[in-house]
Amino acid sequence: MTVSQPIASEGARRKGRVVLLRHGQTAWSLSGQHTGKTDIPLTGEGRDQARKAGERLRRAFPDGFEPEYVYASPLKRAQDTARLAGFDRMTICDDLAEWDYGRAEGRTRQEVSRLAGREWNLWRDGTQALGSDMDGTWQDTLPSGEHVTVRNGPGETLNQVALRAGRLVARLEPLVDQGRQVLLVAHAHILRILTTQWLSLQADDACKFRLDTAHYSVLSQYKGNNVIETWNC
């Protein structure tokens, strides 16, 4: 009599991975404006990038991703990227939202420095270095003609973002141990900060990881350590 192996044993033999997919191009990713909670859409180029990212992922992961292990940011640029890449079924994960840039939201680094009266760097100075005189609500017009509302307030500190990234890592590690293929579709800064937490690095080391629009990276385990398997593909 032939006895088949249980599904759990088959899954355990497969190497688990966490795949990080950044959303496609937006008008603000082109202009350099800080894009946190503002829910702006993909550009036409960004939508095309998302489709091509899906093609690359299907080649790299021919077995695909089970829908219960596909997670997306609550922001539409990430969700639209997931759908265009071929992942219609996803779980919305609030911890994957982009860094709330607060008083830097909708502004370039140069604009923030001018308003602050000194050179400002997000990774060095953080959102907390910006004064309440930069608070307010205003309208920005995208190149498409669409109007978006920008709200500037205190925002999140780097440590606050790292805390929610760490919560995600605690949820992801058991899935990787089980051999699951997990896909996270989100934003450059939260995915890079999550990577630092995966590697047990300082959160500000995230500035050393470049992650382009609609590119993916892969986190996994090797000889008992959490590692980067591939980056910015």
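None of the values given here were measured: they were computed from a predicted structure.
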Q: Output all residues satisfying ring-ring contact (aromatic ring centres under 6.0 Å, His included) with Tyr101, sequence neighbours left out; order by chain, then residue number.
A: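 Applying ring-ring contact (aromatic ring centres under 6.0 Å, His included) to Tyr101 gives His34, Trp99, His189.
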Under a 3.5 Å distance rule, please check whether [X] uses its side chain to pair with a backbone N or O of [Y] as donor and acceptor.
| X | Y | value |
| --- | --- | --- |
| Thr81 | Arg77 | yes |
| Thr141 | His147 | no |
| Glu98 | Ile190 | yes |
| Thr195 | Leu191 | yes |
| Arg103 | Leu130 | yes |

(Q) For Val176, give me all partners under side-chain contact (heavy atoms from CB on, under 4.5 Å), at least two apart in sequence or on another chain. (A) Val18, Trp198, Gln221
Q.
Looking at Arg89, I want to see if its CZ is surrounded by more than 12 non-hydrogen atoms of other residues, nucleotides or ligands under 6.0 Å.
A.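 Not buried by this count: 12 neighbours or fewer within 6.0 Å.
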Q. Is there a donor in the side chain of Thr43 and an acceptor in the side chain of Glu45, or the other way round, less than 3.5 Å apart?
A. no
Q) Do you see a donor-acceptor pair shorter than 3.5 Å between the side chains of Gln160 and Asp100? A) no
Taking every non-hydrogen atom, the tightest pair across [X] and [Y]:
| X | Y | answer |
| --- | --- | --- |
| Val161 | Ile193 | CG1-CD1, 3.6 Å |
| Thr127 | Glu156 | OG1-O, 2.6 Å |
| Pro74 | Cys93 | CD-O, 3.4 Å |

**Q.** N-O pairing of Arg151 and Glu105 below 4.0 Å
**A.** no
Q: Determine, for Arg167 against Asp95, whether the closest basic-nitrogen to carboxylate-oxygen distance falls under 4.0 angstrom.
A: yes
Q: Could you note down all residue pairs passing salt bridge (charged side-chain N to carboxylate O under 4.0 Å, His left out) where residues 110-121 supplies at least one of them, sequence neighbours left out?
A: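 For residues 110-121: Arg109-Glu119.
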Q. Which residue pairs pass the salt bridge (charged side-chain N to carboxylate O under 4.0 Å, His left out) test when at least one of the two sits in residues 183-212, sequence neighbours left out?
A.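 Listed once each, the pairs are Asp205-Lys208, Arg210-Asp212.
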Q: Hey, could you give me each pair passing side chain to side chain donor-acceptor pair (under 3.5 Å) that has a residue in residues 47-56? Not counting sequence neighbours.
A: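 Side chain to side chain donor-acceptor pair (under 3.5 Å) check on residues 47-56 returns Asp48-Lys52, Gln49-Thr213.
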Let me check something: any side-chain donor-acceptor pairs from residues 59-69 under 3.5 Å, sequence neighbours excluded? List them with distances.
from: Tyr69; atom 1: OH; to: Arg180; atom 2: NE; distance (Å): 3.3

Q.
What I'd like to find out is whether the side chain of His187 reaches to under 4.5 Å of the side chain of Thr35, using heavy atoms alone.
A.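 No, every pair of side-chain atoms sits at 4.5 Å or beyond.
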